Amino acid sequence: LEQLPPPEALQRPVPFADITSAVVYGLERELPVDIGPERAERRAALLAWLQLLSSSFPLPENRAAMARLHRLVRAALAENSPVGLRQWASLLEELPRPIFPAGGAVGAIAWAACRGVSEEARGYPCALWLLFHSLVAHSSDATAAATLRTIRAYVDHFFGCEACRRHFVAMFDAKPPDVRTADAAALWLWRAHNAVNLRLNRSGEATVLRYGLPKVQWPPADVCPGCKSPSGRWREVAVLRLLRAVYCHDGAECGVAR
Ligand code: FAD
(Lines give C-alpha, C1' and ligand atoms only; values in the text may rest on other atoms or scores of the structure.)
Protein backbone atom coordinates (compact mmCIF):
# COMPACT_ATOMS: atom_id res chain seq x y z
CA LEU A 1 0.00 0.00 0.00
CA GLU A 2 1.14 3.48 -0.81
CA GLN A 3 2.18 5.39 2.30
CA LEU A 4 0.33 8.67 2.59
CA PRO A 5 1.18 11.38 5.09
CA PRO A 6 -0.86 11.23 8.30
CA PRO A 7 -4.15 13.15 8.20
CA GLU A 8 -4.09 16.75 9.28
CA ALA A 9 -5.07 17.72 12.80
CA LEU A 10 -8.78 18.03 13.49
CA GLN A 11 -10.21 21.05 11.66
CA ARG A 12 -13.12 23.12 12.94
CA PRO A 13 -15.33 22.87 11.00
CA VAL A 14 -14.42 19.63 9.24
CA PRO A 15 -13.31 20.10 5.62
CA PHE A 16 -16.08 20.35 3.07
CA ALA A 17 -14.21 17.94 0.82
CA ASP A 18 -14.95 14.99 3.11
CA ILE A 19 -18.67 15.52 3.54
CA THR A 20 -19.29 16.37 -0.12
CA SER A 21 -17.17 13.38 -1.18
CA ALA A 22 -19.18 11.10 1.12
CA VAL A 23 -22.41 12.20 -0.60
CA VAL A 24 -20.93 11.85 -4.11
CA TYR A 25 -19.39 8.45 -3.27
CA GLY A 26 -22.80 7.34 -2.03
CA LEU A 27 -24.61 8.65 -5.11
CA GLU A 28 -22.17 7.04 -7.52
CA ARG A 29 -21.28 3.80 -5.77
CA GLU A 30 -23.74 2.93 -3.01
CA LEU A 31 -27.17 4.11 -4.12
CA PRO A 32 -27.17 2.35 -7.52
CA VAL A 33 -28.55 -0.90 -6.11
CA ASP A 34 -31.83 -2.65 -6.88
CA ILE A 35 -34.52 -0.12 -6.23
CA GLY A 36 -37.32 -1.70 -8.24
CA PRO A 37 -40.99 -1.03 -7.47
CA GLU A 38 -41.14 -4.03 -5.13
CA ARG A 39 -38.44 -2.47 -2.89
CA ALA A 40 -40.80 -0.03 -1.19
CA GLU A 41 -38.75 0.31 2.01
CA ARG A 42 -35.55 0.94 0.11
CA ARG A 43 -37.26 3.53 -2.09
CA ALA A 44 -38.55 5.28 1.00
CA ALA A 45 -35.03 5.20 2.49
CA LEU A 46 -33.62 6.77 -0.67
CA LEU A 47 -36.19 9.56 -0.78
CA ALA A 48 -35.77 10.25 2.94
CA TRP A 49 -31.98 10.44 2.48
CA LEU A 50 -32.24 12.94 -0.39
CA GLN A 51 -34.83 14.89 1.58
CA LEU A 52 -32.45 15.01 4.56
CA LEU A 53 -29.61 16.25 2.34
CA SER A 54 -31.89 18.94 0.93
CA SER A 55 -32.87 20.14 4.40
CA SER A 56 -29.73 19.65 6.48
CA PHE A 57 -26.64 19.69 4.26
CA PRO A 58 -24.60 22.81 5.08
CA LEU A 59 -25.19 26.01 3.11
CA PRO A 60 -28.38 27.02 1.26
CA GLU A 61 -26.99 26.62 -2.29
CA ASN A 62 -26.02 23.02 -1.55
CA ARG A 63 -29.43 22.27 -0.06
CA ALA A 64 -31.02 23.65 -3.23
CA ALA A 65 -28.85 21.33 -5.36
CA MET A 66 -29.90 18.34 -3.26
CA ALA A 67 -33.56 19.42 -3.44
CA ARG A 68 -33.25 19.33 -7.22
CA LEU A 69 -31.84 15.80 -7.11
CA HIS A 70 -34.61 14.80 -4.69
CA ARG A 71 -37.24 16.06 -7.17
CA LEU A 72 -35.59 14.23 -10.09
CA VAL A 73 -35.45 10.94 -8.20
CA ARG A 74 -38.98 11.30 -6.85
CA ALA A 75 -40.27 11.87 -10.38
CA ALA A 76 -38.34 8.85 -11.69
CA LEU A 77 -39.70 6.65 -8.90
CA ALA A 78 -43.24 7.92 -9.45
CA GLU A 79 -43.04 6.64 -13.02
CA ASN A 80 -42.26 3.28 -11.44
CA SER A 81 -39.05 3.03 -13.39
CA PRO A 82 -36.55 0.69 -11.79
CA VAL A 83 -33.85 3.40 -11.43
CA GLY A 84 -31.08 0.96 -12.23
CA LEU A 85 -27.47 1.73 -12.90
CA ARG A 86 -28.09 3.39 -16.24
CA GLN A 87 -30.88 5.59 -14.90
CA TRP A 88 -28.68 6.65 -12.01
CA ALA A 89 -25.90 7.63 -14.37
CA SER A 90 -28.24 9.80 -16.43
CA LEU A 91 -29.87 11.31 -13.34
CA LEU A 92 -26.47 12.30 -12.01
CA GLU A 93 -25.52 13.70 -15.41
CA GLU A 94 -28.47 16.09 -15.19
CA LEU A 95 -27.00 17.72 -12.10
CA PRO A 96 -25.03 20.92 -12.58
CA ARG A 97 -21.32 20.66 -11.71
CA PRO A 98 -19.89 20.92 -9.20
CA ILE A 99 -22.73 19.04 -7.51
CA PHE A 100 -22.23 21.17 -4.39
CA PRO A 101 -21.89 24.80 -5.49
CA ALA A 102 -20.93 26.34 -2.14
CA GLY A 103 -18.26 25.90 0.52
CA GLY A 104 -15.28 25.28 -1.74
CA ALA A 105 -16.75 21.90 -2.57
CA VAL A 106 -14.91 19.63 -4.93
CA GLY A 107 -16.70 18.03 -7.87
CA ALA A 108 -15.13 14.63 -7.51
CA ILE A 109 -14.25 12.37 -4.62
CA ALA A 110 -11.32 13.81 -2.69
CA TRP A 111 -10.73 12.95 0.95
CA ALA A 112 -9.08 15.55 3.18
CA ALA A 113 -9.45 14.83 6.91
CA CYS A 114 -10.31 11.24 5.93
CA ARG A 115 -7.26 10.63 3.77
CA GLY A 116 -5.59 7.41 4.81
CA VAL A 117 -3.43 4.66 3.49
CA SER A 118 -6.36 3.22 1.55
CA GLU A 119 -9.85 4.28 0.57
CA GLU A 120 -11.49 1.31 2.27
CA ALA A 121 -9.61 1.83 5.53
CA ARG A 122 -10.52 5.49 5.96
CA GLY A 123 -11.96 7.46 3.04
CA TYR A 124 -15.64 6.64 2.76
CA PRO A 125 -16.47 5.12 6.19
CA CYS A 126 -14.64 7.95 7.94
CA ALA A 127 -16.30 10.64 5.81
CA LEU A 128 -19.70 9.00 6.25
CA TRP A 129 -19.36 9.50 10.01
CA LEU A 130 -18.43 13.15 9.43
CA LEU A 131 -21.43 13.56 7.13
CA PHE A 132 -23.80 11.95 9.65
CA HIS A 133 -22.53 14.21 12.45
CA SER A 134 -22.87 17.23 10.16
CA LEU A 135 -26.46 16.36 9.16
CA VAL A 136 -27.40 16.00 12.82
CA ALA A 137 -25.69 19.30 13.68
CA HIS A 138 -27.79 21.03 11.01
CA SER A 139 -31.06 19.46 12.13
CA SER A 140 -33.54 21.32 14.30
CA ASP A 141 -35.26 20.09 17.46
CA ALA A 142 -38.30 19.29 15.31
CA THR A 143 -36.36 17.18 12.77
CA ALA A 144 -33.61 15.61 14.91
CA ALA A 145 -35.37 12.29 15.63
CA ALA A 146 -36.27 11.85 11.94
CA THR A 147 -32.66 12.64 10.98
CA LEU A 148 -31.41 9.73 13.09
CA ARG A 149 -34.04 7.38 11.62
CA THR A 150 -33.05 8.44 8.10
CA ILE A 151 -29.38 7.78 8.89
CA ARG A 152 -30.32 4.32 10.19
CA ALA A 153 -32.27 3.59 6.99
CA TYR A 154 -29.37 4.79 4.80
CA VAL A 155 -26.97 2.49 6.65
CA ASP A 156 -29.43 -0.40 6.50
CA HIS A 157 -30.19 -0.16 2.79
CA PHE A 158 -27.12 1.38 1.21
CA PHE A 159 -23.94 1.11 3.30
CA GLY A 160 -21.84 -1.49 1.50
CA CYS A 161 -19.88 -2.45 4.64
CA GLU A 162 -21.94 -5.43 5.77
CA ALA A 163 -20.44 -5.72 9.28
CA CYS A 164 -20.95 -1.98 9.82
CA ARG A 165 -24.55 -2.21 8.68
CA ARG A 166 -25.34 -5.17 10.90
CA HIS A 167 -23.74 -3.68 14.00
CA PHE A 168 -25.16 -0.19 13.58
CA VAL A 169 -28.72 -1.33 12.89
CA ALA A 170 -28.59 -3.77 15.83
CA MET A 171 -27.34 -1.00 18.14
CA PHE A 172 -30.04 1.37 16.92
CA ASP A 173 -32.86 -1.14 17.18
CA ALA A 174 -31.80 -2.52 20.57
CA LYS A 175 -32.52 0.89 22.09
CA PRO A 176 -34.01 3.26 19.52
CA PRO A 177 -32.96 6.83 20.32
CA ASP A 178 -35.72 8.70 22.12
CA VAL A 179 -34.59 12.24 21.31
CA ARG A 180 -36.61 15.42 21.41
CA THR A 181 -33.88 17.97 20.69
CA ALA A 182 -31.08 18.46 18.19
CA ASP A 183 -28.60 18.41 21.11
CA ALA A 184 -29.89 15.03 22.28
CA ALA A 185 -29.54 13.65 18.74
CA ALA A 186 -25.97 14.99 18.47
CA LEU A 187 -25.08 13.31 21.78
CA TRP A 188 -26.77 10.05 20.72
CA LEU A 189 -24.67 9.86 17.53
CA TRP A 190 -21.51 10.84 19.43
CA ARG A 191 -22.10 7.98 21.89
CA ALA A 192 -22.94 5.55 19.08
CA HIS A 193 -19.71 6.48 17.25
CA ASN A 194 -17.74 6.03 20.47
CA ALA A 195 -19.38 2.63 21.00
CA VAL A 196 -18.09 1.61 17.54
CA ASN A 197 -14.64 3.03 18.37
CA LEU A 198 -14.61 0.99 21.57
CA ARG A 199 -15.67 -2.24 19.86
CA LEU A 200 -13.05 -1.85 17.14
CA ASN A 201 -10.41 -1.00 19.67
CA ARG A 202 -11.20 -4.20 21.56
CA SER A 203 -11.88 -6.57 18.70
CA GLY A 204 -8.50 -6.27 17.02
CA GLU A 205 -9.95 -8.45 14.27
CA ALA A 206 -11.10 -5.57 12.08
CA THR A 207 -8.83 -5.18 9.13
CA VAL A 208 -9.29 -1.42 9.38
CA LEU A 209 -7.15 -1.52 12.49
CA ARG A 210 -4.21 -2.42 10.32
CA TYR A 211 -4.68 0.64 8.17
CA GLY A 212 -6.80 3.07 10.14
CA LEU A 213 -5.92 5.21 13.12
CA PRO A 214 -6.00 4.05 16.74
CA LYS A 215 -9.63 3.91 17.90
CA VAL A 216 -9.92 6.27 20.84
CA GLN A 217 -12.85 7.52 22.86
CA TRP A 218 -13.46 10.86 21.20
CA PRO A 219 -12.59 13.61 21.90
CA PRO A 220 -9.20 12.78 23.41
CA ALA A 221 -7.80 15.25 25.92
CA ASP A 222 -5.52 16.96 23.40
CA VAL A 223 -8.56 17.82 21.26
CA CYS A 224 -10.75 18.93 24.16
CA PRO A 225 -9.07 19.22 27.55
CA GLY A 226 -12.34 20.41 29.15
CA CYS A 227 -14.55 17.59 27.86
CA LYS A 228 -13.87 15.31 30.85
CA SER A 229 -13.95 16.06 34.55
CA PRO A 230 -10.89 15.17 36.67
CA SER A 231 -12.74 11.98 37.68
CA GLY A 232 -13.04 10.99 34.01
CA ARG A 233 -16.75 11.72 33.48
CA TRP A 234 -17.80 13.32 30.21
CA ARG A 235 -18.91 16.93 30.43
CA GLU A 236 -21.69 16.84 27.86
CA VAL A 237 -22.04 20.62 27.62
CA ALA A 238 -18.39 20.88 26.56
CA VAL A 239 -18.77 17.91 24.18
CA LEU A 240 -21.79 19.58 22.58
CA ARG A 241 -19.84 22.80 22.16
CA LEU A 242 -17.07 20.88 20.39
CA LEU A 243 -19.53 18.92 18.21
CA ARG A 244 -21.01 22.24 17.10
CA ALA A 245 -17.58 23.76 16.37
CA VAL A 246 -16.50 20.71 14.38
CA TYR A 247 -19.68 19.77 12.53
CA CYS A 248 -21.60 23.01 12.01
CA HIS A 249 -20.85 25.04 8.86
CA ASP A 250 -23.90 27.27 8.98
CA GLY A 251 -22.92 29.34 12.03
CA ALA A 252 -25.98 30.79 13.72
CA GLU A 253 -28.19 28.96 11.20
CA CYS A 254 -27.23 25.57 12.65
CA GLY A 255 -30.21 23.85 14.18
CA VAL A 256 -32.69 26.39 12.81
CA ALA A 257 -35.92 24.73 11.66
CA ARG A 258 -36.27 24.64 7.89
P1 FAD B 1 -13.66 7.24 12.22
O2 FAD B 1 -14.13 6.38 13.35
O3 FAD B 1 -14.18 6.95 10.88
O4 FAD B 1 -13.99 8.75 12.62
C5 FAD B 1 -13.79 9.82 11.71
C6 FAD B 1 -13.49 11.07 12.51
O7 FAD B 1 -14.62 11.39 13.32
C8 FAD B 1 -12.33 10.93 13.49
O9 FAD B 1 -11.11 11.17 12.83
C10 FAD B 1 -12.67 11.97 14.55
O11 FAD B 1 -12.21 13.25 14.11
C12 FAD B 1 -14.19 11.99 14.54
N13 FAD B 1 -14.78 11.20 15.62
C14 FAD B 1 -14.34 10.04 16.15
N15 FAD B 1 -15.18 9.59 17.11
C16 FAD B 1 -16.18 10.50 17.20
C17 FAD B 1 -17.34 10.62 18.01
N18 FAD B 1 -17.63 9.71 18.95
N19 FAD B 1 -18.17 11.68 17.81
C20 FAD B 1 -17.88 12.62 16.89
N21 FAD B 1 -16.78 12.57 16.10
C22 FAD B 1 -15.93 11.52 16.25
N23 FAD B 1 -15.83 -0.67 10.94
C24 FAD B 1 -15.71 -1.95 11.36
O25 FAD B 1 -14.66 -2.56 11.18
N26 FAD B 1 -16.76 -2.57 12.01
C27 FAD B 1 -17.95 -1.95 12.23
O28 FAD B 1 -18.88 -2.54 12.79
C29 FAD B 1 -18.11 -0.60 11.76
N30 FAD B 1 -19.30 0.06 11.90
C31 FAD B 1 -19.44 1.29 11.34
C32 FAD B 1 -20.69 1.92 11.38
C33 FAD B 1 -20.89 3.12 10.75
C34 FAD B 1 -22.27 3.78 10.79
C35 FAD B 1 -19.82 3.76 10.06
C36 FAD B 1 -20.03 5.08 9.34
C37 FAD B 1 -18.57 3.16 10.02
C38 FAD B 1 -18.37 1.92 10.66
N39 FAD B 1 -17.13 1.29 10.62
C40 FAD B 1 -16.99 0.01 11.11
C41 FAD B 1 -15.93 2.00 10.12
C42 FAD B 1 -15.18 2.63 11.28
O43 FAD B 1 -16.07 3.18 12.27
C44 FAD B 1 -14.29 3.79 10.82
O45 FAD B 1 -15.04 4.70 10.05
C46 FAD B 1 -13.10 3.37 9.99
O47 FAD B 1 -12.37 2.37 10.68
C48 FAD B 1 -12.15 4.58 9.76
O49 FAD B 1 -11.70 5.03 11.02
P50 FAD B 1 -11.04 6.43 11.28
O51 FAD B 1 -9.84 6.19 12.11
O52 FAD B 1 -10.87 7.15 10.00
O53 FAD B 1 -12.08 7.24 12.22
Side-chain angles (χ1 to χ4, degrees), residues 4-15 17-19 21-23 25-26 29-30 45 49 111-138 147-174 177 182-224 227-228 234-236 238-248:
L4 292 175
E8 294 151 27
L10 181 69
Q11 294 178 48
R12 305 167 198 213
V14 290
D18 294 292
I19 56 174
S21 295
V23 175
Y25 186 103
R29 305 191 199 180
E30 301 267 78
W49 176 246
W111 314 115
C114 287
R115 212 148 57 103
V117 286
S118 83
E119 186 159 283
E120 295 72 30
R122 291 203 82 220
Y124 182 58
C126 166
L128 195 56
W129 276 122
L130 302 187
L131 174 62
F132 289 165
H133 289 294
S134 167
L135 292 171
V136 171
H138 291 83
T147 297
L148 291 181
R149 283 197 300 274
T150 299
I151 287 172
R152 180 211 172 280
Y154 179 87
V155 170
D156 194 14
H157 289 279
F158 302 113
F159 194 9
C161 166
E162 174 54 26
C164 309
R165 185 194 71 75
R166 211 177 42 248
H167 286 133
F168 187 77
V169 168
M171 176 166 61
F172 192 105
D173 292 350
D183 283 354
L187 286 174
W188 186 89
L189 193 64
W190 163 70
R191 278 192 214 97
H193 192 166
N194 266 346
V196 174
N197 293 339
L198 182 66
R199 188 160 42 72
L200 293 184
N201 196 16
R202 277 185 183 151
S203 75
E205 71 202 32
T207 47
V208 289
L209 282 177
R210 280 193 275 143
Y211 309 120
L213 302 176
K215 305 293 176 205
V216 296
Q217 289 299 282
W218 191 93
D222 60 326
V223 169
C224 180
C227 281
K228 271 189 178 172
W234 289 111
R235 289 187 172 126
E236 292 186 346
V239 172
L240 271 173
R241 209 178 305 127
L242 180 72
L243 288 171
R244 182 170 273 264
V246 173
Y247 294 112
C248 171

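Quick caveat: nothing in here was measured; it's all calculated off a predicted structure. Side chains included, hydrogens not; waters and symmetry mates left out as well; all remaining heavy atoms used. One-based numbering, in listed order, for ligands and for the atoms of each.
Within ligand 1, counting atoms from 1 as listed, the ones closer than 4.0 Å to a heavy atom of P125 are 36 (C), 41 (C), 45 (O). In summary, the atoms of ligand 1 found under 4.0 Å from a heavy atom of H167, numbered by their order in the structure, are 27 (C), 28 (O). Ligand 1 places these atoms under 4.0 Å from at least one heavy atom of F168: 34 (C). Against a heavy-atom cut-off of under 4.0 Å, L130 is close to the following atoms of ligand 1: 6 (C), 7 (O). Residue contact check: F159 has heavy atoms under 4.0 Å from atoms 33 (C), 35 (C), 36 (C), 37 (C) of ligand 1. When each atom of ligand 1 is checked for a heavy atom of L10 under 4.0 Å away, the hits are 11 (O). Near N197, with a cut-off below 4.0 Å to any heavy atom, the atoms of ligand 1 are 2 (O), 14 (C), 15 (N). Here is the list of ligand 1 atoms found below 4.0 Å of a heavy atom in Y247: 7 (O), 12 (C), 20 (C), 21 (N), 22 (C).
Using a distance-only test at 3.5 Å, with no hydrogens or angles considered, a donor-acceptor pair links the side chain of H138 to the main chain of S134. Judged by distance alone, the side chain of W190 and the main-chain N or O of W218 form a donor-acceptor pair under 3.5 Å. The backbone N or O of V216 lies less than 3.5 Å from a partner atom in the side chain of N197, making a donor-acceptor pair. In this structure a side-chain-to-backbone donor-acceptor pair under 3.5 Å is missing from R12 to L242.
The closest heavy-atom contact to atom 3 (O) of ligand 1, among the options P219, C126, A127, A186, comes from C126. Among W218, Y124, W190, W129, the residue whose heavy atom lies nearest to atom 36 (C) of ligand 1 is W129.
The aromatic rings of W111 and Y25 sit tilted, their planes meeting at an angle between 30° and 60°.
Contacts with ligand 1 closer than 4.0 Å are made by no heavy atom of R166, backbone or side chain. At a 4.0 Å heavy-atom cut-off, ligand 1 touches K215 through the side chain alone. Here N194 has heavy atoms under 4.0 Å from ligand 1 in both its backbone and its side chain. Contacts between H133 and ligand 1 below 4.0 angstrom, taking non-hydrogen atoms only, involve the side chain exclusively.
A distance of 8.0 Å separates CG in L200 from SG in C164, rounded to the nearest 0.5 Å.
No side-chain heavy atom of D156 sits less than 4.5 Å from a side-chain heavy atom of F172. When side chains are defined from C-beta on, L135 counts as touching W49, because their heavy atoms get closer than 4.5 Å.
Applying the salt bridge (Lys or Arg N to Asp or Glu O under 4.0 Å) test to every pair with at least one member in residues 185-195, sequence neighbours left out, gives these pairs: R191-E236.
For the ligand labelled ligand 1, residue R191 lies outside the 4.0 Å heavy-atom shell. Heavy atoms of A163 come nearer than 4.0 angstrom to ligand 1 in at least one pair.
Note: W129 and Y247 fail the aromatic proximity criterion, with ring centroids not under 6.0 Å apart.
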